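Okay, so here's the structure we're looking at.
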Amino acid sequence: MIPAVNIDAALDALTEHWSPKVIARVNDQYVKVAKLKGEFVWHRHDDEDELFQVIRGRLRIQFEDGGETLLSPGELCVIPRGVMHNPVADEECCILLIETVTTKHTGDVETPITRSIAEQLA
């Protein structure tokens with residue numbers, strides 16, 4: 001039997017902001033959930049695209065050219081590889097992420113909130 005994954009239950013189990021957890025794998029992609037609040041960190045992923053889908057709340061993704069994308073529940077945005085970006089959640093936001101298994105949490109920068117793949121799989 002192949003088990004179903006309840007996205008809402010996975011989100012409800014999260015206790016930390018900006019600490020994604022892997023809930024599934026599809027080929028070479030991880031499906032992750034995360035709770036966000038506040039400003040993350042400016043970063044880029046040189047070799048991987050990144051998909052953000054908002055489940056609850058709203059998310060702003062800022063770009064280095066001064067533009068930004070605002071996401072509401074049910075909306076998604078794919079950040080192409082190499083694009084400098086900074087996610088911001090003015091109030092708590094719950095998201096689903098799809099990322100290549102090699103994607104580093106904070107991309108090209110290391111911060112105190114950086115989570116390893118091992119931490120995201122726990």
Side-chain angles (χ1 to χ4, degrees):
M1 181 169 78
I2 301 171
V5 176
N6 185 307
I7 295 169
D8 284 327
L11 285 164
D12 290 343
L14 297 177
T15 58
E16 293 182 68
H17 293 116
W18 304 109
S19 186
K21 296 296 179 192
V22 174
I23 60 169
R25 182 175 175 159
V26 180
N27 299 314
D28 291 333
Q29 304 290 315
Y30 282 135
V31 179
K32 304 175 183 181
V33 291
K35 285 183 178 176
L36 315 179
K37 188 172 181 183
E39 188 168 333
F40 192 50
V41 59
W42 283 97
H43 68 286
R44 77 171 126 255
H45 306 280
D46 289 330
D47 299 315
E48 303 98 359
D49 299 336
E50 183 176 35
L51 182 146
F52 290 83
Q53 180 179 357
V54 172
I55 306 298
R56 301 179 205 148
R58 294 169 64 108
L59 178 66
R60 280 187 300 126
I61 303 176
Q62 301 173 326
F63 300 99
E64 69 180 329
D65 67 1
E68 66 180 26
T69 297
L70 180 61
L71 300 173
S72 295
E75 295 182 320
L76 65 83
C77 179
V78 176
I79 309 300
R81 68 193 70 195
V83 173
M84 183 71 77
H85 62 287
N86 182 38
V88 179
D90 295 318
E91 296 186 10
E92 187 174 79
C93 173
C94 295
I95 65 166
L96 182 102
L97 290 162
I98 299 177
E99 301 175 324
T100 305
V101 297
T102 56
T103 304
K104 294 180 181 176
H105 182 221
T106 51
D108 61 336
V109 298
E110 189 76 22
T111 75
I113 60 172
T114 299
R115 299 292 179 258
S116 69
I117 293 295
E119 290 172 301
Q120 294 176 56
L121 287 165

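What you are looking at is a predicted structure, and each value in this text was computed from that prediction instead of being measured.
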Value rounded to 0.5 Å, distance of CD in E68 from CZ in F63: 9.0 Å

Cluster overlap L59 with V83, hydrophobic side-chain contacts below 4.5 Å: yes

Atom of I7, atom of V33 and distance for their closest heavy-atom approach: CG2-CG1, 4.2 Å

Do L71 and I61 have side chains that get closer than 4.5 Å, going by heavy atoms? yes

Minimal non-hydrogen separation, V22 against Y30, with atom names: CG1-CD2, 3.5 Å

Is it true that the side chains of S19 and E119 contain a donor and an acceptor less than 3.5 Å apart? no

Can you name the one residue among L76, V78, I79 that meets side-chain contact (heavy atoms from CB on, under 4.5 Å) with F52? I79

hydrophobic_cluster_shared for L96 and L14, side chain cutoff 4.5 Å: yes

Has Q120 got a side-chain atom pairing as donor or acceptor with K21's backbone, closer than 3.5 angstrom? no

Taking all atoms of both residues into account, what is the closest heavy-atom pair of K32 and T103, and its distance? NZ-O, 4.4 Å

Quick one: closest heavy-atom pair of D47 and R81, and the distance? O-NH1, 3.4 Å

Just by distance, do the side chain of E75 and the backbone of S72 share a donor-acceptor pair under 3.5 Å? yes

Which atom names give the shortest non-hydrogen contact between V88 and E39, and what distance separates them? CG2-CG, 3.8 Å

Please report the C-alpha distance between N6 and D12 in whole Å, then the side-chain angles of each, then the deciding distance to 0.1 Å, and finally whether the side chain to side chain contact (heavy atoms under 4.5 Å, CB included) criterion is met. CA-CA 10 Å; N6 185 307; D12 290 343; over 6 Å; no

Short side-chain to backbone donor-acceptor contact, T111 and I113, under 3.5 Å: yes

SG/C93 to CD1/I55 distance, rounded to the nearest 0.5 angstrom? 9.0 Å

Applying a strict under-4.5 Å side-chain criterion to I, L, V, M, F, W and Y, I'd like to know whether V101 and L121 cluster together. yes

Residue from N86, T69, D90 passing side chain to side chain donor-acceptor pair (under 3.5 Å) with R60: D90

Verify same cluster id: I23, L51 (apolar side-chain graph, 4.5 Å): yes

For E50 and H85, which I'm curious about, is there any donor-acceptor pair between the side chains at under 3.5 Å? yes

How far does OG1 of T15 sit from NZ of K35, to the nearest 0.5 angstrom? 8.0 Å

Measure across P87 and H43 and return the closest heavy-atom pair with its distance rounded to 0.1 Å. CD-CE1, 4.0 Å

Once you measure the plane-to-plane angle for W18 and F40, does it fall in the parallel (<30°), tilted (30-60°) or perpendicular (>60°) bin? parallel

Look up atom CD1 in I95 and atom CZ in R56, then write down how far apart they are to the nearest 0.5 Å. 12.5 Å

Can you tell me how far CD of E16 sits from CG of L36, rounded to the nearest 0.5 angstrom? 12.5 Å

Would you check, one step at a time, whether the test side chain to side chain contact (heavy atoms under 4.5 Å, CB included) holds for E92 with H17? CA-CA 8 Å; E92 187 174 79; H17 293 116; 2.7 Å; yes

